[in-house]
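The sequence lines fix the lettering, A, B, ..., with proteins before strands; numbering per chain opens at 1. Just so we're clear, the structure is a prediction, and the values are computed from it rather than from any experiment.
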There are 2 protein chains.
Amino acid sequence: MLYTRSMARDVFSALADPTRRQVLDLLTRRERAAGELGRAFPRISQPGMSRHLRVLREAELVRVRQDRQHRFYSLRSERLAEVDVWISKYRGFWESELDSLEAYLDSTKPARSVKRDEKRK
Amino acid sequence: MLYTRSMARDVFSALADPTRRQVLDLLTRRERAAGELGRAFPRISQPGMSRHLRVLREAELVRVRQDRQHRFYSLRSERLAEVDVWISKYRGFWESELDSLEAYLDSTKPARSVKRDEKRK
DNA sequence: ACAATATATACCAAACTGGTTATACTATCA
DNA sequence: TGATAGTATAACCAGTTTGGTATATATTGT
């Protein structure tokens with residue numbers, strides 16, 4: 001296997017963590033130093049944030065730029081664009097009127113199987 | 001916490017698994033019985049597929065309809081639409097020319113920090 | 001060179017994931 | 001009613017993830 005820049009990481013797995021999604025949200029406004037991102041999440045230790053950033057790096061969702069002793073993280077668009085392409089396959093479903101009708105029927109008269117789900121501890 | 005229909009599950013976590021994403025892909029064409037989905041993945045056991053389907057159900061990415069002894073799964077659009085809304089926040093980034101320029105520079109002259117990533121075992 | 005600041009890694013425990021086999025449930029059929 | 005088909009859950013296990021504390025590395029300032 002050829003690793004060009006760093007160990008590849010699945011984008012969807014990287015996005016599965018809510019903290020990491022919040023980090024990306026912060027980066028939509030501007031680039032931020034690792035420490036600044038860490039301070040935005042007081043419940044997570046500095047090494048904890050550093051590892052989240054590493055996951056985002058390995059998923060190629062962010063890039064890093066070093067400036068003095070700071071490391072500034074910023075968004076990379078490529079992988080997010082891939083996710084956008086992926087989700088676009090499903091766009092037809094919520095745009096179709098048939099689907100809206102189905103959703104409506106689903107909300108008023110749920111399928112019998114739903115009862116099983118509720119019953120489950 | 002109020003659970004309306006079944007235990008809530010994070011959509012992004014549900015999408016993090018490649019098998020589950022393939023299942024959703026199959027469901028874009030038409031609804032399918034659990035067994036049919038299972039047979040589409042010969043390397044996964046029947047209970048294994050059943051659990052994947054449960055995750056998709058709990059994330060409200062699919063609905064189930066019972067017909068005789070079959071359970072037919074089909075796509076639900078609501079959560080996928082939410083993901084689409086989420087990713088749309090980032091659309092500006094890959095549409096901006098500045099970002100393209102940055103991506104180009106990034107690919108020709110990688111940041112120094114990348115060397116660290118490569119060095120890492 | 002030393003101290004301070006900023007960030008990353010090592011290591012460990014707890015929690016989670018995804019897979020398996022065995023078993024249970026449910027509906028249909030004989 | 002018993003057998004069968006379709007599907008779900010239970011119990012278990014190995015590998016991964018996440019979070020913490022302690023430590024290391026790197027850059028800057030004195």
Using a cut-off of 4.0 Å on non-hydrogen atoms, how would the nucleic acid contact of A:Y73 be classed: base, sugar-phosphate, or nothing? sugar-phosphate

Between CG of A:L53 and C1' of C:dT9 the distance, given in whole Å, is 14 Å

Taking only side-chain N and O atoms of B:S50, does any of them lie within less than 4.0 angstrom of OP1 or OP2 on D:dT7? no

Can you pull out how bent the helix from C:dA1-D:dT30 to C:dA30-D:dT1 is, comparing the axes over its first five and last five pairs, to 10°? 10°

Side-chain heavy atoms of A:R76 within contact of A:L61, under 4.5 Å: no

Let me know the distance between CZ of B:R9 and P of C:dC16, rounded to the nearest Å. 10 Å

CZ of B:R54 to CG of B:L56: how many Å apart, nearest 0.5 Å? 12.5 Å

Within 45° cone of A:Y73 ring axis and under 6.0 Å: A:R63 NZ or CZ: no

I need the residues from residues 15-34 of chain B with at least one non-hydrogen atom less than 4.0 Å from DNA chain D; give them sorted by number, or say none. B:A33, B:A34

In terms of side-chain geometry, is the basic nitrogen of A:D84 or A:R91 positioned less than 4.0 Å from the acidic oxygen of its partner? yes

Which distance, rounded to the nearest 0.5 Å, do you find between the CZ of A:R32 and the CG of A:L27? 7.0 Å

Please classify the nucleic acid contact of A:R39 as base, sugar-phosphate, or nothing, using heavy-atom distances under 4.0 Å. nothing

d(CZ, A:F72; P, D:dA26) in whole Å: 20 Å

In whole Å, what is the span from the CG atom of A:L56 to the P atom of C:dT7? 15 Å

Between A:P47 and A:Q69, just flag the one whose closest nucleotide in DNA chain D comes earlier from the 5' side. A:P47

Length of the line joining A:I44:CD1 and D:dT17:P, which is rounded to integer Å: 17 Å

Going through the distances and angles, do A:R39 and A:E36 end up as a salt bridge (Lys or Arg N to Asp or Glu O under 4.0 Å)? CA-CA 5 Å; A:R39 269 172 261 118; A:E36 188 186 354; over 6 Å; no

Check every strand shown and say whether B:G48 touches a base, only sugar-phosphate, or nothing at a heavy-atom separation below 4.0 Å. base

State, with a plain yes or no, whether a side-chain heavy atom of A:L80 is found less than 4.5 Å away from one of B:F93. no

Same cluster or not: are A:L24 and A:F72 linked, directly or through other Ile, Leu, Val, Met, Phe, Trp or Tyr residues, by side-chain heavy atoms under 4.5 angstrom apart? no

With a 3.5 Å cut-off and just heavy-atom distances, do the side chain of B:R71 and the base of D:dG6 make a donor-acceptor pair? no

Run the side-chain contact (heavy atoms from CB on, under 4.5 Å) check on B:H52 and B:I44 step by step: do they pass? CA-CA 10 Å; B:H52 278 308; B:I44 293 181; 4.3 Å; yes

In whole angstrom, give the distance that lies between atom CG of A:D67 and atom C1' of C:dT5. 14 Å

Return no unless some side-chain N or O of A:H52 is found under 4.0 Å from OP1 or OP2 of D:dG19. yes

Using a distance-only criterion (donor-acceptor N/O pair, under 3.5 Å, no hydrogens), is the base of C:dA6 paired with the side chain of A:Q46? no

Is it the case that one hydrophobic cluster holds both A:F41 and A:V55, taking links as side-chain heavy atoms less than 4.5 Å apart, direct or via other members? no

Value in whole Å for how far the C1' atom of C:dA27 lies from CD of B:Q66: 8 Å

Nearest to the side chain of B:R68, which nucleotide is it out of C:dT20, D:dA8, C:dC29? C:dC29

Donor-acceptor pair under 3.5 Å, B:R51 side chain vs C:dG19 base: yes

Just how far, in rounded Å, is C1' of C:dT17 from CG of B:D10? 14 Å

